[in-house]
Chemist: 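First the structure, then my questions, so here it is.
Nothing here was measured: the structure is a model prediction, and the numbers come from that model. Sequence lines set the chain letters: A, B, ... in the order given, protein chains first and strands last, and positions in each chain run from 1.
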Protein chains: 2
Amino acid sequence: MSVDTLRYYERIGLIDPPARDSGGRRSYSEDDLGWLFFLTRLRTTGMPIRMMREYAQLRHRGTTTAVQRKQMLLEHRAAVRARIAELQSCLEVLDYKITHYEQFEHSEGITA
Amino acid sequence: MSVDTLRYYERIGLIDPPARDSGGRRSYSEDDLGWLFFLTRLRTTGMPIRMMREYAQLRHRGTTTAVQRKQMLLEHRAAVRARIAELQSCLEVLDYKITHYEQFEHSEGITA
DNA sequence: GGTTGACCTGGAGCGCGCTCCAACTCCTAC
DNA sequence: GTAGGAGTTGGAGCGCGCTCCAGGTCAACC
């Protein structure tokens, strides 16, 4: 994760401004790092930034929002699973194409 | 797939200009549709447009480029498989988080 | 014959998620 | 003390993949 991305996340409110050392430099706590780690998992799985912000805001409001956050994660997990299924379905097309490549080198059209 | 996307694909050379009917409207052949279908699979699996263009250009050059195209598909398939693995790995984090949600509602930090 | 609606064109605009920049401050090493 | 390098700031820029728009043409239907 680049420094610029880190700053960007801070600017848009995805992460709280971390503590600073005596020289004014950012010093990330273990919790900061854990949260960042989790954020990167959400990003990797394709959650849009705006949704991550929403989640971050809920988190900021404390334990009373736990149910909503859990709900978001449940929905996101479903989306990720769907995405995996979609990719696997496309993989089949790719497999078929590769296996039978010689037969329709030029006529990409026939897929079944 | 939107009309605009279709035009866009034509403009950037992803698809050949299709035949036209008497009124000047585009009329896509079965081969056109097959190729489009395949293109959408490549897109869905995250292949960048520029790579799809490269593939389209190779395809345009005829059967002599079959080996290269097959190679591209092999590499892309590997990338897709890697992506699926990555998503599945993230799913585990998500699962863990959801399962143990109550225990660290506010301290998102602790992930293990 | 008029209206409706889909398609046509070239070009501009947009949302996303960074990424880069210039100009500055600070700590460290020599 | 000074050179270097990493960090800091606010803001601009960018690559991607569409998406939208205005103004026009055409075929079909009432």
Chemist: Rounded to whole angstroms, how far apart are CE on B/M52 and P on D/dG17?
Modeler: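 That distance rounds to 9 Å.
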Chemist: Give one of base, sugar-phosphate or nothing for B/R43, where a contact means two heavy atoms less than 4.0 Å apart.
Modeler: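 Sugar-phosphate, no base atom in range.
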Chemist: Taking atom types as they are modelled, is there a donor-acceptor pair under 3.5 Å from the base of C/dG17 to the side chain of A/R50?
Modeler: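 It does not, because no donor-acceptor pair links the side chain of A/R50 to the base of C/dG17 below 3.5 Å.
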Chemist: What integer distance in Å separates B/R11:CZ from D/dC16:C1'?
Modeler: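 The distance from CZ of B/R11 to C1' of D/dC16 comes to 15 Å, rounded to the nearest Å.
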Chemist: For A/R26, report the nucleic acid contact type (base, sugar-phosphate, nothing); a contact means any heavy atom under 4.0 Å.
Modeler: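 It contacts sugar-phosphate atoms only.
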Chemist: To the nearest Å, give me how far apart CD1 (B/I12) and P (C/dG11) are.
Modeler: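 Result: 17 Å.
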Chemist: Return the value, rounded to whole Å, for the distance between atom CG of A/D21 and atom P of D/dT8.
Modeler: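 Taking atom P of D/dT8 as the reference, CG of A/D21 is at 8 Å.
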Chemist: Could you state the atom-to-atom distance from OH of A/Y28 to P of D/dG7 in whole Å?
Modeler: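 Interatomic distance, OH of A/Y28 to P of D/dG7: 10 Å.
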Chemist: If you compare all heavy atoms of A/V93 against all heavy atoms of B/R41, which two are closest, and at what distance to 0.1 Å?
Modeler: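 In terms of heavy atoms, the two residues are closest at CG1-CG, 4.0 Å.
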Chemist: In whole angstrom, give the distance that lies between atom CE of A/M51 and atom P of C/dC16.
Modeler: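 Computing the A/M51:CE to C/dC16:P distance gives 11 Å.
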Chemist: Closer than 3.5 angstrom, by distance alone: can the side chain of B/H76 be matched with the main-chain N or O of B/M72 as a donor-acceptor pair?
Modeler: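 Here the side-chain-to-backbone pair does not exist.
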Chemist: Hey, can you pull the residues of residues 79-87 of chain B with a non-hydrogen atom under 4.0 angstrom from DNA chain D?
Modeler: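 Nucleic-acid contacts, sorted: none.
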Chemist: Rounded to the nearest 0.5 Å, what's the gap from CD1 on A/I49 to CD1 on A/I12? Could you check?
Modeler: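 Here the interatomic distance stands at 4.5 Å.
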Chemist: For A/S2 and C/dC18, is the shortest distance between a side-chain N/O and OP1 or OP2 below 4.0 Å?
Modeler: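 For C/dC18, neither OP1 nor OP2 has a side-chain N or O of A/S2 closer than 4.0 Å.
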Chemist: Output the rounded distance in Å from CE (B/M1) to C1' (D/dG17).
Modeler: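 The answer, rounded to whole Å, is 11 Å.
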Chemist: Atom CG of B/L39 to atom C1' of D/dC18: distance rounded to whole Å?
Modeler: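 Rounded to whole Å, this separation is 15 Å.
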Chemist: So does A/D95 get a backbone contact from the side chain of A/T99, meaning a donor-acceptor N/O pair under 3.5 Å?
Modeler: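 Side chain of A/T99 to backbone of A/D95: a pair is present.
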Chemist: Within the distance-only criterion (no hydrogens, no angle test), does the side chain of A/T44 pair as donor or acceptor with the backbone N or O of A/T40 below 3.5 angstrom?
Modeler: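 Checking the backbone N and O of A/T40 against the side chain of A/T44, a donor-acceptor pair under 3.5 Å is found.
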Chemist: With no hydrogens and no angle check, is any side-chain donor or acceptor of A/H60 less than 3.5 Å from a backbone partner on A/A56?
Modeler: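 The answer is no, because no donor-acceptor pair under 3.5 Å joins these two groups.
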Chemist: If you find the nucleotide of DNA chain D closest to B/M47 and the one closest to B/R25, which residue's nucleotide is nearer the 5' end?
Modeler: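 Between the two, 5'-proximity favours B/M47.
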Chemist: Which sits closer to the 5' end of DNA chain D, B/S22 or B/I49, going by the nucleotide each is nearest to?
Modeler: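 Its nucleotide being nearer the 5' end, the pick is B/I49.
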Chemist: For A/Y9 and C/dC18, is the shortest distance between a side-chain N/O and OP1 or OP2 below 4.0 Å?
Modeler: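 Affirmative; the distance criterion is met.
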Chemist: Any donor-acceptor pair under 3.5 Å between the side chain of A/R20 and the base of D/dG7?
Modeler: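 Not at all, since no donor on one side and acceptor on the other fall under 3.5 Å apart.
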Chemist: What about A/D4, does its side chain sit under 3.5 Å from the base of C/dC20 through a donor-acceptor pair?
Modeler: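 Check passes, donor-acceptor contact within cut-off.
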Chemist: Backbone N or O of B/L14 within a donor-acceptor pair of the B/W35 side chain at under 3.5 Å?
Modeler: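 Judged by distance alone, yes, a pair lies under 3.5 Å.
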